[in-house]
Amino acid sequence: MSRIVMKNPIVEMDGDEMTRVIWKWIKEELLDPFVELKTEYYDLGLPHRDETGDQVTIDAAEATKRLGVAVKCATITPNVQRMSEYKLHQMWKSPNGTIRGMLDGTVFRAPVMIDCIHPNVKTWEKPITIARHAYGDIYKNTEIRTTEGGTCELVFTGKSGAVTRKEIQTLEGPGIFQGVHNKEKSIESYARSVFSYALDVKQDVWFSTKDTISKIYDGCFKEIMQRVYDEEYREKFEAAGLTYFYTLIDDAVARVIRSKGGFIWALKNYDGDVMSDMVSTAFGSLAMMTSVLVSPDGVYEYEAAHGTVTRHYYRYLKGETTSTNPIATIFAWTGALRKRGELDGQKELCDFAERLEKTCLSVLEAGYLTKDLVPLAQEELGKKGIEIHQMDTMSYLKKVREEMEK
């Protein structure tokens, strides 16, 4: 077969543990046989991030700005245990948080749905897309842990020299403090990204925070979202028959569970992190979730929404065969290749990405499933008389390649 020759490269960010292994397998089995890949490679595996003082993450983000499209493998955000395990020089920040902060983008996450797997929430008929603000909050925080009692203050010194000072708390003994921030410009960019995306996909927007408690921080999000909507998008939404509304996040959770789906749920950074996992799991599996970071100036970074699958990686190191679901990682690649094809006017690359996605799902529908999907699909496939084959990861990839080659 003649392979598709890419016109321009994409940024490739390698990752950690089991997803790093699967990343290599996907390229060998599903990409290299069909496409002459052009990538600008960055190793974001934790050992290399430590060696470079995390400069490689910054370099990868800058390259993404330059080339316009990136695909990223899952990476480790180290904790105390990882510090010891990897003998790190310091506890590096989340690479996702660094990249999102530099691109000032919005993360859109949506489940991959197939006919043989019904959502755990019986009322859900259509995918729910999580629109996650991708700057600030705890991902760019400052923390203090004290060994004695005392007073902690929040102090802001303006460029004019004016000082604003507020006491956070006075403690009698040791305690912990955390400072988070955000930028009004970033929130405005987020609002425009969400409303523009909603018009493109023709879906309503629900936005939720907790402004009754966080009256200034969350209240600022609420105020900016409403202002941008009123000034720039209300007429467009009404002409398209779409709606935008705000509600408290606890009320939103109840509404989402009772809904039929088919809308965009816009959330702050950490809220979106948590709720995207809840939504994807309720739809079936974290491994069946697409994720794309979109910057205000049209830069795209595709990634898997799940982690590095540490438990499977330890089994893999022992020589055991694992049945890790590769769909989210495959769809990160197809998303990036499709976008590269769109930007370069290369239809054959877009068609390849579409064909690979459809083939991955048709193989699942035919009963060739990774272990996580078997209990979710067995009842529906049983009704259709389709035999289930539980596949390890490589066997599934080879089955998809076999179908692609046909």
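Along the sequence shown, residues carry numbers from 1. We use all heavy atoms of the structure for the numbers below, so side chains are in, but hydrogens, waters and symmetry mates are not. All of these numbers come straight from a predicted model, not from anything done at the bench.
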Participant: Is there a side-chain contact between Leu31 and Phe352, using heavy atoms and a 4.5 Å cut-off?
Facilitator: yes
Participant: So does Glu405 pair up with Arg401, basic N to acidic O under 4.0 Å?
Facilitator: yes
Participant: Taking all non-hydrogen atoms of both residues into account, name the closest pair between Leu397 and Pro326 and its distance.
Facilitator: CD2-CG, 3.9 Å
Participant: Looking at side-chain heavy atoms only, is the closest gap between Asn96 and Leu293 below 4.5 Å?
Facilitator: no
Participant: Could you check if a side-chain atom of Ser208 sits within less than 4.5 angstrom of a side-chain atom of Leu267, using non-hydrogen atoms only?
Facilitator: yes
Participant: Salt-bridged, Arg234 to Glu238, with N to O below 4.0 Å?
Facilitator: yes
Participant: Can you name the nearest heavy-atom pair linking Cys116 to Leu364, along with the distance?
Facilitator: SG-O, 4.4 Å
Participant: When you compare the side chain of Glu342 with that of Cys350, does any pair of heavy atoms fall below 4.5 Å?
Facilitator: yes
Participant: Taking the six-membered ring for Trp and the full ring for Phe, Tyr or His, determine whether the centres of His133 and Tyr270 are under 6.0 Å apart.
Facilitator: no
Participant: Decide, yes or no, whether a salt bridge links Lys27 with Asp14 under the criterion of side-chain N to carboxylate O below 4.0 Å.
Facilitator: no
Participant: Between the side chain of Lys371 and the main-chain N/O of Ser323, is any donor-acceptor distance below 3.5 Å?
Facilitator: no
Participant: How long is the straight-line distance from CE of Met83 back to CH2 of Trp92, given to the nearest 0.5 Å?
Facilitator: 9.5 Å
Participant: Please check this pair: side chain of Asp204 against backbone of Phe263, looking for a donor-acceptor N/O pair closer than 3.5 Å.
Facilitator: no
Participant: Do Tyr313 and Thr19 have side-chain N/O donor and acceptor atoms under 3.5 Å apart?
Facilitator: no
Participant: Is the side chain of Asp137 donor-acceptor paired with the backbone N or O of Asn269 at a distance under 3.5 Å, no angle test?
Facilitator: yes
Participant: Side chains of Arg82 and Thr310: any donor to acceptor distance under 3.5 Å?
Facilitator: yes
Participant: I'd like to know if the side chain of Tyr396 and the backbone of Cys360 have a donor-acceptor N/O pair within less than 3.5 Å.
Facilitator: yes
Participant: Quickly, which of Phe195, Tyr197, Tyr244 forms a ring-ring contact (aromatic ring centres under 6.0 Å, His included) with Tyr233? Name it, please.
Facilitator: Phe195
Participant: One pair to check against side-chain hydrogen bond (donor to acceptor under 3.5 Å, both in side chains): Trp206 and Thr247. What are the steps and the verdict?
Facilitator: CA-CA 8 Å; Trp206 301 11; Thr247 187; over 6 Å; no
Participant: Please find the pair of heavy atoms, one from Lys210 and one from Tyr246, that lie closest to each other, and give the distance.
Facilitator: N-OH, 4.1 Å
Participant: Does the Ser291 side chain pair with the main chain of Ala304, one donor and one acceptor, at a distance under 3.5 Å?
Facilitator: no
Participant: Find out whether Val400 and Glu29 are in side-chain contact, i.e. whether some heavy atom of one side chain is under 4.5 Å from a heavy atom of the other.
Facilitator: no
Participant: Is the ring pair Trp23/Trp333 parallel, tilted or perpendicular, if the boundaries are 30 and 60 degrees?
Facilitator: tilted
Participant: Where the side chain of Ser280 meets the backbone of Asp277, is there a donor-acceptor pair that is under 3.5 Å apart?
Facilitator: yes
Participant: Counting C-beta onward and ignoring hydrogens, is there a side-chain heavy-atom pair between Arg355 and Phe34 closer than 4.5 Å?
Facilitator: no
Participant: Ignoring hydrogens and angles, state whether a donor on the side chain of Asn182 or Tyr217 is under 3.5 Å from an acceptor on the partner side chain.
Facilitator: yes
Participant: Please determine whether a side-chain nitrogen of the Lys or Arg among Asp16 and Arg20 lies less than 4.0 Å from a carboxylate oxygen of the Asp or Glu.
Facilitator: no
Participant: Find out whether Met13 and Ile99 are in side-chain contact, i.e. whether some heavy atom of one side chain is under 4.5 Å from a heavy atom of the other.
Facilitator: yes
Participant: State whether a side-chain donor-acceptor pair under 3.5 Å links Glu301 with Thr64.
Facilitator: no
Participant: Side-chain contact, heavy-atom cut-off 4.5 Å: Phe207 with Phe221?
Facilitator: yes
Participant: Minimum heavy-atom separation for Val194 and Ala266, please, with both atom names.
Facilitator: CG1-CB, 4.2 Å
Participant: Main chain of Arg49, side chain of Thr52: is a donor-acceptor contact present, judged purely on distance under 3.5 Å?
Facilitator: yes
